[in-house]
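What follows is one structure encoded as structure tokens, with my remarks underneath.
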There are 2 protein chains.
Amino acid sequence: MMVECDYFSAACPSRQLFDQVTDKWSMMVLSVIRAKPLRFNTIRRQVEGVTQKALTQTLRRLERNGLVVRRVLPTSPVAVEYAITDLGLSLQGPLGALHEWTITNLDKVSEAQRAYEA
Amino acid sequence: MMVECDYFSAACPSRQLFDQVTDKWSMMVLSVIRAKPLRFNTIRRQVEGVTQKALTQTLRRLERNGLVVRRVLPTSPVAVEYAITDLGLSLQGPLGALHEWTITNLDKVSEAQRAYEA
DNA sequence: CGGCATCCTTTTGGATACTG
DNA sequence: CAGTATCCAAAAGGATGCCG
């Protein structure tokens with residue numbers, strides 16, 4: 001079933017989802033766990049600049065939205081693994097394209113910024 | 001020239017650009033002015049929920065990044081028109097794809113959310 | 001009409017300490 | 001190791017008033 005949704009309506013539920021998937025850290029987290037599931041502190045080390053608090057929040061939201069699954073491994077001490085889901089993988093396409101855009105157009109944007117200051 | 005940029009490095013300039021183009025209002029503003037240039041208050045009315053302050057900030061940033069051009073029409077009282085640039089148009093592809101994703105996967109996400117609460 | 005400036009409230013973010 | 005809880009600083013957001 002397709003949800004009825006006006007792109008510009010404040011009530012449109014896809015607006016909120018859009019905000020969540022374009023979150024500052026979500027894209028990077030999804031990327032680092034794409035190849036294989038990773039543990040909390042491994043992700044933390046790879047995503048430079050993320051705090052423990054922010055990473056926890058990001059992972060919870062990703063999990064809640066079905067983009068990531070959390071698995072507790074019964075070792076001692078416990079290990080926790082985060083894996084990307086099929087839904088998460090399907091998001092990577094659009095997200096990657098957007099990131100590609102930022103890379104390829106960084107120069108044009110920088111130039112525009114210099115022009116703007118003048 | 002392609003910028004050297006490590007996706008996960010905190011110093012990577014594309015990170016900041018990514019944050020800016022995935023801004024809450026940017027996508028909607030770019031969409032509404034896509035067909036033809038619009039004036040400030042017209043945009044404001046179409047993008048439901050945006051405040052005057054937020055719209056001003058969004059437009060300034062879009063302009064600064066070269067995605068939008070601001071034109072002052074010498075009428076009385078003055079009219080100000082915002083038009084999308086070629087760079088802005090090139091961003092619409094990836095941005096639109098991402099928005100498409102949110103629409104088509106809203107159901108799956110909602111289902112995941114229900115599952116998560118349980 | 002299209003803003004900018006100010007004020008104030010609310011949200012977010014970082015740092016630190018503590019726990020199973 | 002993988003968090004939660006707390007506290008404080010910083011940033012964002014809304015409301016209002018004013019101006020060219």
Side-chain angles (χ1 to χ4, degrees), chain A residues 10-11 15-30 32-33 36-65 67-84 116-117, chain B residues 10-11 15-30 32-33 36-65 67-84 116-117:
Chain A
R15 264 208 200 176
Q16 193 188 353
L17 182 56
F18 182 88
D19 287 350
Q20 292 192 6
V21 300
T22 57
D23 168 77
K24 182 172 187 176
W25 302 113
S26 295
M27 177 195 58
M28 280 185 280
V29 169
L30 288 178
V32 297
I33 66 171
K36 67 172 198 293
L38 293 180
R39 295 174 59 178
F40 187 88
N41 283 312
T42 309
I43 300 171
R44 193 191 203 296
R45 275 188 297 273
Q46 298 207 21
V47 178
E48 198 177 306
V50 72
T51 63
Q52 185 265 357
K53 184 179 177 178
L55 182 55
T56 300
Q57 288 170 342
T58 300
L59 286 169
R60 290 292 165 277
R61 184 174 49 248
L62 289 172
E63 193 192 356
R64 180 166 189 276
N65 290 342
L67 305 171
V68 153
V69 281
R70 179 180 186 270
R71 269 194 293 265
V72 179
L73 309 178
T75 55
S76 173
V78 289
V80 180
E81 225 180 44
Y82 292 92
I84 197 167
Y116 182 85
E117 310 305 341
Chain B
R15 265 207 198 178
Q16 194 188 350
L17 182 56
F18 182 89
D19 288 351
Q20 292 192 7
V21 300
T22 56
D23 167 78
K24 181 171 188 175
W25 304 112
S26 294
M27 176 196 57
M28 281 186 278
V29 169
L30 288 178
V32 298
I33 66 171
K36 66 173 197 295
L38 294 179
R39 294 173 58 179
F40 188 88
N41 283 313
T42 309
I43 300 172
R44 194 192 203 297
R45 276 187 296 273
Q46 298 207 22
V47 179
E48 198 176 305
V50 72
T51 63
Q52 185 265 353
K53 185 178 177 180
L55 182 56
T56 299
Q57 288 170 343
T58 300
L59 286 169
R60 288 294 163 275
R61 186 176 46 248
L62 288 172
E63 192 192 357
R64 181 166 188 276
N65 289 341
L67 305 171
V68 152
V69 281
R70 178 180 187 271
R71 270 194 293 265
V72 179
L73 309 179
T75 56
S76 173
V78 289
V80 181
E81 225 179 44
Y82 292 93
I84 197 166
Y116 182 84
E117 310 304 340

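Residue numbering restarts at 1 for every chain, and letters A, B, ... go by the order of the sequence lines.
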> Once you round it to whole Å, what is the distance between P of C:dC1 and CZ of B:F40?
Replying inline: 11 Å
> Nearest heavy-atom pair of A:E48 and B:A10: which atoms, and what distance?
Replying inline: OE2-N, 3.3 Å
> In whole Å, what is the span from the CZ atom of B:R71 to the C1' atom of C:dG2?
Replying inline: 17 Å
>> Expressed as a whole number of angstroms, how long is the span from B:W25:CH2 to D:dG13:P?
In response: 9 Å
>> If I take atom CZ in residue A:R44 and atom C1' in nucleotide D:dA2, what distance separates them, rounded to the nearest angstrom?
In response: 10 Å
> Hey, does the side chain of B:R70 come within less than 4.0 Å of C:dG2's phosphate (OP1/OP2), counting only N and O?
Replying inline: no
>> Given D:dA15, D:dA2, D:dC7, identify the nucleotide with an atom nearest to the side chain of A:N41.
In response: D:dA2
> Picking from D:dC7, D:dG3, C:dC7, which would you name as closest to the side chain of A:Y82?
Replying inline: D:dG3
> Nearest-Å distance, CG (B:L59) to P (C:dC1)?
Replying inline: 16 Å
> Is A:Q52 side chain donor-acceptor paired with the D:dG3 base, going by distance under 3.5 Å alone?
Replying inline: yes
>> Can you measure A:D19 atom CG to D:dA12 atom P for me and round it to whole angstrom units?
In response: 15 Å
> Roughly, in whole Å, what's the span from CZ in B:R60 to P in C:dG2?
Replying inline: 11 Å
> For B:R39 and C:dC1, is the shortest distance between a side-chain N/O and OP1 or OP2 below 4.0 Å?
Replying inline: no
> Should A:T51 be listed as having a side-chain N or O under 4.0 Å from OP1 or OP2 of C:dG14?
Replying inline: yes
> Mapping A:P77 and A:K53 onto DNA chain C by nearest heavy atom, which one lands closer to the 5' end?
Replying inline: A:K53
>> How many whole angstroms separate atom CD1 of A:I43 from atom P of D:dA2?
In response: 9 Å
> Between the side chain of A:T56 and the main-chain N/O of A:Q52, is any donor-acceptor distance below 3.5 Å?
Replying inline: yes
>> Please give me the minimum heavy-atom distance between B:Q20 and B:N65, naming the atom from each residue.
In response: OE1-ND2, 2.7 Å
> Between A:R60 and B:Y116, what is the shortest heavy-atom contact and its length?
Replying inline: CD-OH, 3.7 Å
> What is the distance from atom NZ of A:K24 to atom CD of B:Q16, rounded to the nearest 0.5 Å?
Replying inline: 9.0 Å
